[in-house]
Amino acid sequence: MFRCVAAVTKIAFSNLNFKHSNLIVRTLRCTFPIAQRVRFAGKRWEEEHYEDGVKWMFLEHSGPLFAPEYEPLPDGIDFYYDGSPMKLSLAAEEVATFYAKMLDHEYTTKDVFRQNFFHDWKKKLKVEQDVIAEIHGYCVMDGHREKIANFKIEPPGLFRGRGDHPKMGKLKKRIMPEDVIINCSRDSNIPEPPKNHHWKEVRFDNKVTWLASWTENVQGLLKYVMLNPSSKLKGEKDWQKYEIARRLKDKIDAIRSQYHRDWKSREMKTRQRAVALYFIDKLALRAGNEKEEGETADTVGCCSLRVEHIKLNENDNGQQCVVEFDFLGKDSIRYYNKVPVEKQVFKNLKLFMENKDPTDDLFDRLNTSDLNKHLQELMEGLTAKVFRTYNASITLQEQLAELTDPEESIAEKILSYNRANRAVAILCNHQRTPPKTYEKSMKNIQAKIEAKKEQLAVAKKDLKNAKVDHKVKKDEKSKQMVEKKKKLLQRIEEQLMKLEVQATDREENKQIALGTSKLNYLDPRITVAWCKKWHVPIEKIYNKTQREKFAWAIDMTDENFEF
DNA sequence: GGGCGAACTTAGTATTGGAATG
DNA sequence: CATTCCAATACTAAGTTCGCCC
């Protein structure tokens, strides 16, 4: 049998109404003998007919002709958004021109038309974003393709500081390529600046981790483009952080004994250092660097506490030597706490406050640099922030051991985990403003619980009836019905329990943010080991992003891990 | 030794997208 | 199928630490 193979044929369409005369057409593979293709000439109506329903025995054509590709708008014609030109992908631009062509038509005044258009156009824009993220969102470092955390240059706008920030509302300028320093390796393809622009500098510094940087104009601070937490570089650093905290675990008793002794030191500086360290250890306060007045919001940490931030109460509701803290910490989050302290600490605080104004520094002989130098002598790599990491992680481990009940369901175990997590968040003072929808969402879940309780009552009744029915009939069918109703009841009980656990969790979480401690302070190996030990799927504790960040821990940890 | 810049971690909130719901 | 709701993600500000320079 003869086959006509695929061939590329140039056909002149000059007789047709086409602008392009030379089109390239691929003919299809055809399996019929060439002789059969065109057999007849003459009067079609005299040919024989096929049997019922059969319309033809041979059919051949070249397939439909497609619409020509979109021709982009010429230079100088731009799409404008909010008054300024905006670059669109070809696909998004094409769809925008469809609409533009119809601007004069009354269609474009109709809500349905506009909404439908926008809905579909948005999808095009989304695809465009994906393509951009694929190109700019990744880098290659030492043979690994790594995600970049913040590959987008921050857009211009009005500066939004937190709390009572003296620079709030100032204009944050647009960053141009001419402001940006690129960092990469000498033998790599150096990124191209946008057309008609150049970089401020291209640097080849492999002693730093950033890929690009620029100086922001409101505070004059450097901003960096860095890798995602899932990267090898960040993951190893994170691991190292927790290893330092674990070394502190072995030294903590000695360190605590020493600062107890130092409370009685003859030197005022040593006493202040010892009391400050006590606060950092016991209350998980931050170090507290000095800040330039008038440049930032007035917030403090341990070393920068002022006399006005604490009150001393000899007796507070029966408790002796109570220190009342009230100050704004990082992000202007209020720290309020009443803490009973050792007599010697109380005495020292009184001494530190003698003859001082409220706005004077509490620890006037101490700063973070002195404190960290001292800590470095106590243990290599020890700084003030290690205490937060250590105390957070050890608290999680202790709380999990205390709260986990082997008899409980998975849902209840997860509640226990969240409660352990919450104990840490409270220690670290990780707060959030309750969501605007909080009250409503609590009501919703209560309503769900009530509905589920009613369902439960019905299911119980049904089961009882089925049992009675079975007693009378004693047949297979009624027996199956009892089993069915039993299962249903069980399922509803489980659902109710889940809802109640969820409600409790949400209520206890009203003003507490768990995310920060989970992400930055809790050794993930504690969590992975706990999940393995109690057969809680890791997905129930860590979402996708968190699993990527903690891939190293998930990979290396077995159920026997101890912080 | 302290002032300062650089580099990096930690932080809360605004926005988004997908699941749940009516 | 549209709307509601919430978890996940995006965003970028605000800390800590370190090392250099005077």
Side-chain angles (χ1 to χ4, degrees), chain A residues 115 119 122-123 126 129 133 137 149-155 157 159-163 165 167-168 172 181 183 205 207-210 213 215-216 218-229 233-234 237-238 240-241 244 280 285-292 295-297 299-304 328-333 367-373 375-376 381-389 392 425 428-438 440-445 447-448 451 502 506 509 511-521 542-549:
Chain A
Q115 273 170 22
H119 178 259
K122 223 163 57 180
K123 279 193 277 190
K126 164 82 174 71
Q129 289 305 312
N150 56 326
F151 62 90
K152 292 175 182 166
I153 296 280
E154 293 171 18
F159 176 79
R160 299 166 67 139
R162 315 257 167 87
H165 201 295
K167 301 205 168 178
M168 63 167 87
K172 184 167 120 172
I181 303 173
N183 192 36
D205 183 356
K207 298 287 173 58
V208 296
T209 66
W210 52 269
S213 70
T215 302
E216 157 270 344
V218 176
Q219 316 209 70
L221 299 172
L222 276 159
K223 298 260 185 171
Y224 300 93
V225 172
M226 287 190 184
L227 294 185
N228 188 275
L233 196 73
K234 293 285 187 187
K237 194 79 191 297
D238 209 33
Q240 190 193 333
K241 173 181 79 183
I244 294 173
I280 284 171
L285 299 191
R286 296 186 185 82
N289 288 295
E290 297 116 293
K291 305 167 77 187
E292 208 176 332
E295 293 296 303
T296 59
T299 63
V300 298
C302 185
C303 294
S304 51
L328 297 183
K330 182 177 179 181
D331 292 304
S332 294
I333 297 292
N367 61 36
T368 54
S369 175
D370 297 329
L371 177 63
N372 279 333
K373 259 179 213 144
L375 293 175
Q376 199 62 236
L382 186 61
T383 62
K385 85 202 249 308
V386 177
F387 284 85
R388 260 167 94 82
T389 311
C428 294
N429 198 42
H430 291 141
Q431 299 190 38
R432 61 167 186 169
T433 42
K436 281 197 290 275
T437 51
Y438 178 82
K440 203 166 102 184
S441 97
M442 280 314 288
K443 263 183 199 152
N444 280 348
I445 198 162
K448 270 192 199 171
Q502 200 189 351
R506 195 174 293 178
N509 233 20
Q511 312 198 62
I512 315 279
L514 299 187
T516 303
S517 51
K518 204 175 196 176
L519 231 48
N520 300 301
Y521 288 104
Y542 288 147
N543 68 30
K544 187 169 141 284
T545 315
Q546 292 163 342
R547 291 198 301 278
E548 281 168 11
K549 168 164 180 170

**Q.** Upstream residue (5' side of DNA chain B) when A:Lys373 and A:Asp205 are each assigned their closest nucleotide
**A.**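 Per heavy-atom nearest nucleotide, the more 5' residue is A:Lys373.
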Rounded to whole angstroms, how far apart are [atom1] on [X] and [atom2] on [N]?
X	N	atom1	atom2	result
A:Asn183	B:dC8	CG	C1'	14 Å
A:Leu227	B:dT9	CG	P	10 Å
A:Leu519	B:dT10	CG	C1'	9 Å
A:Ile244	B:dT9	CD1	P	12 Å
A:Ile512	B:dG12	CD1	C1'	14 Å

Q. Of all the nucleotides listed (C:dA13, B:dT10, B:dA7), which has the minimum atom distance to the side chain of A:Lys223?
A.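 Shortest atom-to-atom distance from the side chain points to C:dA13.
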**Q.** Side chain of A:Lys152 - closest among C:dA13, C:dC11, B:dA11
**A.**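 For A:Lys152, the side-chain atoms sit closest to C:dC11.
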Q) Which heavy atom in A:Pro229 sits nearest to a heavy atom in A:Lys549, and how many Å separate them? A)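 Smallest heavy-atom distance, with atoms named: CB-CD, 3.7 Å.
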Q | Shortest non-hydrogen contact from A:Val386 toward A:Gly381 | A |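 It is CG2-O, 3.9 Å.
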Under 4.0 Å: is that the gap between some side-chain N or O of [X] and OP1 or OP2 of [N]?
X	N	result
A:Thr516	B:dG12	yes
A:Lys448	B:dT21	yes
A:Thr433	B:dT13	yes

**Q.** Polar contact flag, side-chain donor to acceptor under 3.5 angstrom, A:Ser304-A:Lys291
**A.**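 On atom types as modelled, these side chains do not qualify, holding no pair under 3.5 Å.
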Under 4.0 angstrom, heavy atoms only, what part of the nucleic acid is [X] near: base, sugar-phosphate, or nothing?
X	result
A:Ile333	sugar-phosphate
A:Gln431	sugar-phosphate
A:Tyr224	base
A:Lys167	nothing
A:Thr209	sugar-phosphate
A:Pro155	sugar-phosphate

(Q) Five pairs per end, C1' atoms only: what is the angle between the end axes of the helix from B:dG1-C:dC22 to B:dG22-C:dC1, to 10 degrees? (A)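 The value is 0°.
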Q. Along nucleotides 2-9 of chain C, 5' to 3', which nucleotides get a B, which get an S, and which get a -, given that the test is a protein heavy-atom distance under 4.0 Å?
A. ---SS-SS
Restricting both atoms to N or O, compile the protein contacts to nucleotides 14-18 of chain C shorter than 3.5 Å, with distance only.
{"from": "C:dA14", "atom 1": "OP1", "to": "A:Arg162", "atom 2": "N", "distance (Å)": "2.7"}
{"from": "C:dA14", "atom 1": "OP2", "to": "A:His165", "atom 2": "NE2", "distance (Å)": "3.4"}
{"from": "C:dA14", "atom 1": "OP2", "to": "A:Gln219", "atom 2": "NE2", "distance (Å)": "3.4"}
{"from": "C:dG15", "atom 1": "OP1", "to": "A:Thr299", "atom 2": "OG1", "distance (Å)": "2.9"}
{"from": "C:dG15", "atom 1": "OP1", "to": "A:Asp331", "atom 2": "N", "distance (Å)": "3.0"}
{"from": "C:dG15", "atom 1": "OP2", "to": "A:Lys291", "atom 2": "NZ", "distance (Å)": "2.9"}
{"from": "C:dT16", "atom 1": "OP1", "to": "A:Ala287", "atom 2": "N", "distance (Å)": "3.3"}
{"from": "C:dT16", "atom 1": "OP1", "to": "A:Gly288", "atom 2": "N", "distance (Å)": "2.7"}
{"from": "C:dT16", "atom 1": "OP2", "to": "A:Asn289", "atom 2": "N", "distance (Å)": "3.1"}
{"from": "C:dT16", "atom 1": "OP2", "to": "A:Asn289", "atom 2": "ND2", "distance (Å)": "2.7"}
{"from": "C:dT16", "atom 1": "O5'", "to": "A:Asn289", "atom 2": "ND2", "distance (Å)": "3.4"}
{"from": "C:dT17", "atom 1": "OP1", "to": "A:Thr383", "atom 2": "OG1", "distance (Å)": "2.9"}
{"from": "C:dT17", "atom 1": "OP1", "to": "A:Ala384", "atom 2": "N", "distance (Å)": "3.2"}
{"from": "C:dT17", "atom 1": "OP1", "to": "A:Lys385", "atom 2": "N", "distance (Å)": "2.7"}
{"from": "C:dT17", "atom 1": "OP2", "to": "A:Asn372", "atom 2": "ND2", "distance (Å)": "2.9"}

Q: Output yes when A:Lys373 and A:Asp370 qualify as a salt bridge under the 4.0 Å nitrogen-oxygen rule, no when they do not.
A: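 Salt bridge flag = no for A:Asp370 with A:Lys373.
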Q: Could you tell me how the ring of A:His165 sits relative to the ring of A:Phe159: parallel (under 30°), tilted (30 to 60°) or perpendicular (over 60°)?
A: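 Perpendicular, since the angle between the ring planes exceeds 60°.
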Q) Taking atom CZ of A:Arg160 as the centre, does the number of heavy atoms from other residues, nucleotides or ligands within less than 6.0 Å exceed 12? A)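 Incorrect, the count does not exceed 12.
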